[in-house]
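Below is one structure; the comments refer to it alone.
Heavy atoms only: backbone and side chains are in, while hydrogens, waters and symmetry mates are out. Note that the coordinates shown come from a computational prediction; the quantities given were computed from them, not determined experimentally.
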Amino acid sequence: GVWLNGCSNLIAFCTADESKREAVEEFQYLLSRLISLVVCHSLRDISGQESSRFQHLDVSALDPASLRYLEATSAKQYVALQWIQRLVVEGARTGVLNVAPPILSRVFQELSIGIVHFIDAQKL
């Protein structure tokens, strides 16, 4: 729910400015891969399985240092969520996202609510 809604909003908030088309595509590409990581590793943690049943999109486009860090951490969904938040801040700063700050803040709320739901699900 909320993670999908947050990402859907971010896609909708991308600028239609043709001069930023490449930057928008890079933003959307990275966003989709990072949210895929968040969901995949959250499901793995909730299920208690390291199964390949839960797969994420290819993340090989991330820089090698980030991939090494991600591989070494046990909190992959938290790291990926932080990377999404940084991506959103950078997208707002560079004009990739064309939305008023109060509206954009709702995306951060949705991301936060999603992680709270994940933590609550772990308690079950």
Open item on the list: Looking at Glu71 and Arg68, is there a salt bridge between them, counting it only when a charged N and a carboxylate O are closer than 4.0 Å?
Closed with: no
Task: Joint cluster assignment, Val89 & Ile11, ILVMFWY side-chain distance < 4.5 Å - done: yes
Open item on the list: Closer than 4.0 angstrom, basic N to acidic O: yes or no for Arg21 and Glu25?
Closed with: yes
Open item on the list: Looking at every heavy atom in both Leu111 and Trp3, which two are closest together, and how far apart are they?
Closed with: O-NE1, 3.2 Å
Task: Reported CD-to-CG distance for the pair Glu90 and Leu30, which is rounded to 0.5 angstrom - done: 11.5 Å
Open item on the list: What's the separation between atom SG in Cys40 and atom CD1 in Ile35, rounded to the nearest 0.5 Å?
Closed with: 12.0 Å
Task: Gln77 side, atom CD; Leu34 side, atom CG - distance, nearest 0.5 Å - done: 13.0 Å
Open item on the list: Would you say that more than 12 heavy atoms from the other residues, nucleotides or ligands in this model lie under 6.0 Å from the CZ of Phe108, or not?
Closed with: yes
Open item on the list: Using the rule that Ile, Leu, Val, Met, Phe, Trp and Tyr join whenever any side-chain heavy atoms are under 4.5 Å apart, tell me whether Val88 and Ile113 fall into a single cluster.
Closed with: no
Task: Residue pair Glu110 / Gly6: nearest heavy atoms and the distance that separates them - done: OE1-CA, 3.0 Å
- [ ] Find out if a path of hydrophobic residues (ILVMFWY) with successive side-chain heavy-atom gaps under 4.5 Å connects Val107 to Ile115.
- [x] yes
Open item on the list: Membership question, hydrophobic clusters at under 4.5 Å side-chain separation (ILVMFWY): are Leu67 and Tyr69 in the same one?
Closed with: yes
Task: Approximate separation, where rounding is to 0.5 Å, of Leu62 CG and Trp83 CH2 - done: 5.5 Å
Open item on the list: Are Leu104 and Asn9 packed together at the side-chain level, in the sense that at least one heavy-atom pair is separated by less than 4.5 angstrom?
Closed with: no
Task: Closest contact, heavy atoms only, Thr94 versus Lys20 - done: O-NZ, 3.1 Å
Task: Any Thr73 side-chain heavy atom under 4.5 Å of Tyr78 side chain - done: no
- [ ] State, to 0.1 Å, how close Ala23 and Val96 come at their nearest heavy-atom pair, and which atoms those are.
- [x] CB-CG2, 3.7 Å
- [ ] Decide whether Leu4 and Val38 are clustered together by the hydrophobic rule: side chain heavy atoms of Ile, Leu, Val, Met, Phe, Trp, Tyr closer than 4.5 Å, transitively.
- [x] no
Task: Exercise: identify the closest heavy-atom pair between Leu37 and Ala80 - done: CB-CB, 4.0 Å
TODO: State, with a plain yes or no, whether a side-chain heavy atom of Val116 is found less than 4.5 Å away from one of Ile119.
DONE: no
Open item on the list: Measuring from atom CD of Gln28 to atom CG of Leu87, what distance do you get when rounded to the nearest 0.5 angstrom?
Closed with: 10.5 Å
Task: Ala92 versus Leu97, closest heavy-atom pair with distance - done: N-CD1, 4.0 Å
Task: Euclidean distance, Leu81 CG relative to Ser42 OG, rounded to 0.5 Å - done: 8.5 Å
